[in-house]
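Remarks on the structure that follows.
Since the model is a prediction, treat every value here as computed from it, not as a measurement. Quick note: numbers below take in every heavy atom, side chains included, and nothing from hydrogens, waters or symmetry partners.
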Amino acid sequence: MDFKQIQELVKMINKSNISELSIEQDKFKITIKQKDNEVQQVITVPATMAPVQAVAAVAPAVAANTAAPVAAPAPAKADNLVTIKSPMIGTFYRSAGPDKAAFVNIGDEVTSGKVVCIIEAMKLFNEIESEVSGKIVKVLVDDASPVEYDQPLFLVEP
């Protein structure tokens, strides 16, 4: 089951009177519970894959930065650049709001742990932090654009 299918399930549960839904496919299990206009999702992935258990509360009023996953850098090219990639599917934002300054611009120095962008996934705003120190050479994604898992976001010169 992919992320878009899970999003659609959450939307359908949110609009319906169903209080709980459990789906099991092969080694994948998902349970979605609804409590007073709030949907809680629990995803369990088997131990043969990366051990992951994610819990997210989704409410229409959620608008604050909540989780802080970290992007995994990987070598981009032979010219010593490092790529900061998206750790999830969602919508990429360069700033905390429309009237706020971008977290980083081309030429800015970043350090390990510095927030470089936000990715919104299922109404949760996740701060993406750099795992590498260096200078931002290129921004590879436009603001408010959808991004895929492992999609390159920034090129950094260490």
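Legend: residues meeting side chain to side chain contact (heavy atoms under 4.5 Å, CB included) with Ile89, ordered by chain and number and at least two apart, are Phe3, Glu148, Tyr149. Shown here are the side chain to side chain contact (heavy atoms under 4.5 Å, CB included) partners of Leu140, two or more places apart in sequence or in another chain: Lys138, Pro152, Leu155. Listed by chain and residue number, Arg94 satisfy the side chain to side chain donor-acceptor pair (under 3.5 Å) test with Asn105 (two or more places apart in sequence, or in another chain). Scored by the side chain to side chain contact (heavy atoms under 4.5 Å, CB included) test, Pro146 finds no partners at all (sequence neighbours excluded). Residues satisfying the side chain to side chain contact (heavy atoms under 4.5 Å, CB included) criterion with Pro98, sequence neighbours excluded, are absent altogether.
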- Message: side chain to side chain contact (heavy atoms under 4.5 Å, CB included), that's the test. Do Phe92 and Cys117 meet it? Break it down for me.
- Response: CA-CA 7 Å; Phe92 171 87; Cys117 66; 3.5 Å; yes
- Query: Can you list the steps and then say if Val156 with Leu81 is a side chain to side chain contact (heavy atoms under 4.5 Å, CB included)?
  - Reply: CA-CA 6 Å; Val156 179; Leu81 295 181; over 6 Å; no
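For residues 111-120, the pairs satisfying side-chain hydrogen bond (donor to acceptor under 3.5 Å, both in side chains) are Tyr93-Glu120, with sequence neighbours left out.
In plain terms, the two heavy atoms of Ala101 and Ser95 that are nearest each other are O-CB, 3.2 Å. Closest non-hydrogen pair, Pro87 versus Ile128, comes out as CG-CD1, 3.6 Å.
Note: Phe103 CZ to Phe154 CZ = 9.5 Å, rounded to the nearest 0.5 Å. Taking CD of Glu157 as the reference point, atom CG of Asn80 lies at 7.0 Å (rounded to 0.5 Å). One distance of note links CD1 of Ile118 with CG of Asp143; it measures 10.0 Å at 0.5 Å rounding.
Between the Ser130 side chain and the Val132 main chain, a donor and an acceptor come within less than 3.5 Å of each other.
Between Val116 and Glu129, the closest side-chain pair of non-hydrogen atoms is not below 4.5 Å. A 4.5 Å side-chain heavy-atom check between Ile119 and Leu153 finds at least one atom pair inside the cut-off. Taking 4.5 Å as the limit, every side-chain heavy atom of Thr91 sits out of range of all side-chain heavy atoms of Ser145.
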